[in-house]
**Student:** 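Here it is: the structure, laid out below.
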Amino acid sequence: MTDNQQSLTVRDNRTGEEYELPITDGAISAKDLGKIGTGEESPGVAVYDPGFTNTASCRSAVTFIDGEKGILEYRGYPIEQLAESSTFLEVAYLLIYGELPTEEQHEKWVHEVTFHTFVHENLRSLMQGFRYDAHPMGMLMSSVGALSTFYPEARNITDDDIRHEQIVRMIAKMPTLGAWSFRHAQGKPYVYPDNNLSYTENFLSMLFKMSEQEYNADPRLVKALEVLFILHADHEQNCSTNAVRSVGSSQVDPYSAVSAGIAALFGPLHGGANEAVLKMLRRIGSKDKIPAFIASVKNGDERLMGFGHRVYKNFDPRATIIKKACDDVFEVTGVNPLLEIALELEKIALEDDYFISRKLYPNVDFYSGLIYEALKFPPEMFTVLFAIPRTAGWLAQWRELVDDKDQKIARPKQIYTGDRHLTFVPSSERWA
């Protein structure tokens, strides 16, 4: 294959000149496009791409997605295998350090995370200062950002040992901060971590423990939550990951970068989809009202929440896994009455040409909300449950960013559309 077969020939019809742009990994360099102009005074060509729908901002070896085939892999391992046979902490190590841990590495990793779950008492005071009705995501975002003031050495992002320590701290403390935001909203006392429990068992204990000496979670619930954590650990360059990378490109500490990711996840277009599914199912109310709802969707009067995905074009591999987890959870909690509506809605949508032609199929959010509700989480906690495992992915992406010599501080171009060359008139004349 000759070189010109790995390039793109562009003809600028303004000047008649042709340019040969190299293609590497299926992409052309924006810098090469920038060389195309009409003269020395003319700016080069830029790409206008709101939302970065077809713009690669980085090279990454963390997560692979093939949206057409419904493939999701962490560091090359299929999500189905990881959800079936791995644990969240093992997956977190894989994402961050690029390979599955040895037995010795795993034992050390679990020990480190387990014994960093406690937070400084001043942080407890900070959280207690929030209003009784403060949103848990707002509390989580603020408290994670505050961690940067407790660990000022975190600003030394080039020291690998210091980076590792912050990574351990953040993964360890996120469940504590998330659980405390949950308890705060309920007016219940905060529960301290129990280092005799596993990562997910400890989280459930801090959420639900009351006066009992020990909180023993049902193993089926622990496994279901473990699976949910694995499924949500990373998802390539989504909005919150892009926020972490963009803020992290200024070489700020990882706590500040991750708090930016939490802020992005707080938005209803990113982290609030499963709550929207529950609202939709409640609005439908019963199976017999589904045909009328489907008709409203086709007429454009209603939206089918939890179906389709911006990346996956045929099916979401996470949805298949999470649907199985539903069975285990409902064995313990009893069947969520909304499940019957959800199953019927899924059945109709998967058989109707209207939805098939538009590639609308259940995504991970369609069932996760049903599980969270069965576990007695209020809707405002759903995004916190997303943020806790996604911290592993954010940190993996942040660590990769710091080591990437190609990366620069984020500074997108703009296309200016405002006025030019106006003459300022002093207020004494404008207001006369």
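Remember, it's a predicted structure, so these values are computed and weren't measured experimentally.
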**Student:** Return the orientation label for the Phe203 and Phe229 ring planes: parallel under 30°, perpendicular over 60°, tilted otherwise.
**Tutor:**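 Aromatic pair Phe203/Phe229 classed tilted.
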**Student:** Is a side-chain donor or acceptor of His184 paired with a backbone partner of Phe130 at a separation under 3.5 angstrom?
**Tutor:**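 Yes, the answer is positive, given that a donor and an acceptor are paired below the 3.5 Å cut-off.
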**Student:** Ring-plane angle category for Tyr215 and Phe208, please: parallel below 30°, perpendicular beyond 60°, tilted otherwise.
**Tutor:**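 Tyr215 and Phe208: tilted rings.
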**Student:** Could you point out which residue of Arg75, His164, Gln105 forms a side chain to side chain donor-acceptor pair (under 3.5 Å) with Tyr97?
**Tutor:**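 Checked Arg75, His164, Gln105 against Tyr97; only one passes side chain to side chain donor-acceptor pair (under 3.5 Å): His164.
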**Student:** Please check this pair: side chain of Ser249 against backbone of Ala410, looking for a donor-acceptor N/O pair closer than 3.5 Å.
**Tutor:**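 Pair found, side chain donor or acceptor close to backbone of Ala410.
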**Student:** How about Tyr361 and Tyr312: are their ring centres within less than 6.0 Å of each other?
**Tutor:** no
**Student:** So does Lys108 pair up with Glu104, basic N to acidic O under 4.0 Å?
**Tutor:** no
**Student:** In the structure I gave you, are the side-chain heavy atoms of Tyr255 and Gln166 within less than 4.5 Å of one another anywhere?
**Tutor:**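 Tyr255 vs Gln166: side chains touch.
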**Student:** Would you call Asp316-Lys323 a salt bridge at under 4.0 Å N-O?
**Tutor:** no
**Student:** Using a strict 4.0 Å threshold on nitrogen-to-oxygen distance, state whether Glu331 and Lys223 make a salt bridge.
**Tutor:** no
**Student:** Ring pair (Phe, Tyr, Trp, His ring centres under 6.0 Å) between Phe386 and His235: does it pass, once the steps are laid out?
**Tutor:** CA-CA 12 Å; Phe386 194 151; His235 208 241; 8.9 Å; no
**Student:** Decide, yes or no, whether a salt bridge links Asp194 with Lys209 under the criterion of side-chain N to carboxylate O below 4.0 Å.
**Tutor:**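 Salt bridge absent between Asp194 and Lys209.
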**Student:** Evaluate whether atom NZ of Lys298 has more than 12 neighbouring non-hydrogen atoms of other residues, nucleotides or ligands under 6.0 angstrom away.
**Tutor:**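 Yes, because the 6.0 Å sphere around NZ of Lys298 holds more than 12 heavy atoms from other groups.
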**Student:** What I want to find out is whether Asp403 reaches Arg163 closely enough, with some N-O distance under 4.0 Å, to be called a salt bridge.
**Tutor:** yes
**Student:** Is there side-chain contact between Glu400 and Arg59, with heavy atoms separated by less than 4.5 Å?
**Tutor:**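 Glu400 vs Arg59: side chains apart.
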**Student:** Tell me, with the steps shown, if Phe382 and Phe377 meet ring pair (Phe, Tyr, Trp, His ring centres under 6.0 Å).
**Tutor:** CA-CA 7 Å; Phe382 290 179; Phe377 289 113; 7.5 Å; no
